[in-house]
Asks: 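Submitted below is the structure of interest, expressed as structure tokens.
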Amino acid sequence: MEPYKINNMIIDDEFDGEEFVTADFTHQNEEYSITFKKADLEIVNAWIFKEGTSLPANLSDHTIELIREDVKKRI
């Protein structure tokens, strides 16, 4: 079983001259969002949603790499 579940994925084509991929996912019963540059899947930002607000997420490199590979397969 995967340590996360991607619930939604958005590909922003040519937003501000670049393309981005945002994946909303659940990890350890918490809701997160992570955005990558589409060209090289470099991480742009990651957020955790708690108590009606978003905060910068502290995800392990391993989890980020798993999500990056999953996103790569889906685009």
Side-chain angles (χ1 to χ4, degrees):
M1 182 194 314
E2 296 288 336
Y4 65 90
K5 179 180 183 256
I6 293 179
N7 303 314
N8 190 34
M9 199 168 94
I10 300 168
I11 300 173
D12 294 328
D13 292 326
E14 295 187 43
F15 175 77
D16 198 27
E18 293 189 73
E19 296 179 331
F20 297 93
V21 178
T22 300
D24 297 329
F25 63 99
T26 305
H27 173 60
Q28 296 179 343
N29 296 319
E30 300 278 341
E31 296 297 319
Y32 292 86
S33 180
I34 190 167
T35 301
F36 299 98
K37 288 184 181 179
K38 186 179 175 189
D40 58 7
L41 294 179
E42 176 185 337
I43 190 169
V44 175
N45 59 44
W47 302 97
I48 183 170
F49 301 104
K50 285 189 172 193
E51 300 172 12
T53 190
S54 58
L55 302 166
N58 186 17
L59 294 164
S60 72
D61 291 340
H62 176 71
T63 301
I64 291 170
E65 194 57 38
L66 289 173
I67 293 167
R68 180 181 283 126
E69 288 302 314
D70 198 355
V71 166
K72 185 177 181 179
K73 289 176 189 174
R74 293 175 185 227
I75 56 175

Asks: What donor-acceptor contacts under 3.5 angstrom involve side-chain atoms of residues 46-62, with partners at least two apart or in another chain?
Replies:
{"from": "Trp47", "atom 1": "NE1", "to": "Asn45", "atom 2": "OD1", "distance (Å)": "3.4"}
{"from": "Ser60", "atom 1": "OG", "to": "Thr63", "atom 2": "N", "distance (Å)": "3.0"}
{"from": "Ser60", "atom 1": "OG", "to": "Thr63", "atom 2": "OG1", "distance (Å)": "2.9"}

Asks: Do Val44 and Thr22 come within less than 4.5 Å of each other through their side chains, counting heavy atoms only?
Replies: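 Side-chain contact under 4.5 Å: no.
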Asks: So, using salt bridge (Lys or Arg N to Asp or Glu O under 4.0 Å) as the criterion, who are the partners of Glu65 when residues are at least two apart?
Replies: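 Checked Glu65 against salt bridge (Lys or Arg N to Asp or Glu O under 4.0 Å); matches are Arg68.
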Asks: Would you say that Ile6 contacts Arg74 through its side chain, given a criterion of any heavy-atom pair below 4.5 Å between the two side chains?
Replies: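 Side-chain contact under 4.5 Å: yes.
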Asks: Around atom CG of Asp40, are there more than 12 heavy atoms of other residues, nucleotides or ligands at under 6.0 Å?
Replies: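 Check passes, neighbour count above 12.
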Asks: Would you give the length of the straight line joining atom CG of Asp12 to atom NZ of Lys37, rounded to the nearest 0.5 angstrom?
Replies: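 Here the interatomic distance stands at 14.0 Å.
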Asks: Is there a side-chain contact between Met9 and Val21 (heavy atoms, below 4.5 Å)?
Replies: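 Sidechains of Val21 and Met9: in contact.
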Asks: Nearest 0.5 angstrom please: Gln28 CD to Tyr4 OH, how far?
Replies: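 Reported value, rounded in 0.5 Å steps: 13.5 Å.
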Asks: Thr26 and Asn7: side-chain donor and acceptor closer than 3.5 Å?
Replies: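 The answer is yes; a qualifying pair exists.
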Asks: Honestly curious: do Ile43 and Ile10 fall in one hydrophobic cluster under the side-chain, below-4.5 Å linking rule?
Replies: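 Cluster IDs for Ile43 and Ile10 differ.
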Asks: Where is the tightest heavy-atom contact between Phe36 and Leu41, given as atom of each residue plus distance?
Replies: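 Result for this residue pair: CD2-O, 3.2 Å.
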